[in-house]
Structure formats: C-alpha cells, structure tokens
Amino acid sequence: MMDDLKELYQEVILDHSKHPRNFGKLDPCSHEAHGYNPLCGDTLNVFLNLGPDNVIQEILFDGKGCAISMASASLMSEIVKGKTTAQANLLFDNFHDLVTKDDAILLEDDDLDRLVVLAGVKQFPMRVKCATLSWHALQSALNGNNDTTTE
Ligand code: ZN
C-alpha cells in the first residue's frame, strides 16, 4: 500500500516535471522574481499579475532544474492561481511545515493535499530547498525583491 502510494507520488512528480503547467514568460507582469538554489543548481523565474484585492490572476514560471524543483513550481503555479496573496502565504507556511517537520499540524485543505506528493523530501534536507525554491521566489516577487537564493 505504501509502495503504491510512493509510486503514485513519483508519477505525479515526473508528470509535472516533464510537462510543467503554466510554463513560460509573462510579459508584461506586475511582479517577478528569480530564484536560485546553489546546492542543486535549480534556477527559475516566477512571473505574476496581481489583480484587485491582491488576487494572483496570472502566474507563469520558467527555468531549469531537477525534477523536484520543476514539479514543485508547476504545482505551486496551479495552486496559487486565483488565490489572494494572504492565502498563498498561508499555503507556503503549511507546505514548509509539511516538508520540514515530522509533527506538522496542517490545514485541512484540498490544495495542501495536492502538495503531499512532495512530503518525501523531508528525509533529504538538500531536496527541501529544491521543493521550496519556487515558493520562495513567489514570496520574493510579492515582496518586491527580484532575487532570491535558498542560502
Ligand atoms: Zn533541485
């Protein structure tokens, strides 16, 4: 059973890394940031348009990196699209707990459930940076910083 689940998770990660959703450049855009993870070499850009009431109306990303970083960015882009920045920040807090804490208390949330596929990185601290890179870049973009590294 656990092995089936693991395989399923791997399939989701591979699918998103091979066929990333919302991949490309958004030009013009209201916010953008570059993210770099020197430990792995992952590099990506997040572009978004913030609409009324701080809703993330459009989001695209591009870049290159390992399967985890690309799959995580792809999932992130799908999940935060249409959310407010406050909702996106809350999701990131919970996602960060999910991949770093054994006893994380998480929101009951369908979007968060989709991110559970990445929970396995918890066992590999270096991989946590791959999984959170796009989220850090999203936060930098929203905060008006154009560059972020995981260091
Ligand atoms: Zn990586």
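Throughout, residue positions are numbered sequentially from 1 according to the sequence presented. Please read these numbers as outputs of a predicted model, since none were measured by experiment. Both ligands and their constituent atoms are indexed starting at 1 by order of listing.
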Undergrad: Decide whether H34 and D147 meet the rule of one side-chain donor and one side-chain acceptor closer than 3.5 Å.
TA: no
Undergrad: So among D42, L138, V46, which one has a side-chain contact (heavy atoms from CB on, under 4.5 Å) with L133?
TA: D42
Undergrad: Near the Zn ion (ligand 1), which protein N/O/S atoms are found at less than 2.8 Å?
TA: C40 SG, D42 OD1, D42 OD2, C66 SG, C130 SG
Undergrad: Could you go through F61 and F47, starting from their C-alpha distance and side-chain angles, then the distance that decides it, and tell me whether this counts as ring pair (Phe, Tyr, Trp, His ring centres under 6.0 Å)?
TA: CA-CA 6 Å; F61 78 98; F47 311 94; 9.3 Å; no
Undergrad: Please work out whether the ring planes of W135 and F92 are parallel, tilted or perpendicular, with thresholds of 30° and 60°.
TA: parallel
Undergrad: If a pair satisfies salt bridge (charged side-chain N to carboxylate O under 4.0 Å, His left out) and one of its residues is in residues 48-66, list it, with sequence neighbours excluded.
TA: K25-D62
Undergrad: Report the C-alpha separation of N89 and Q139 in whole Å, then their side-chain angles, then the decisive distance to 0.1 Å, and conclude whether the side-chain hydrogen bond (donor to acceptor under 3.5 Å, both in side chains) test is met.
TA: CA-CA 7 Å; N89 284 333; Q139 223 164 31; 3.3 Å; yes
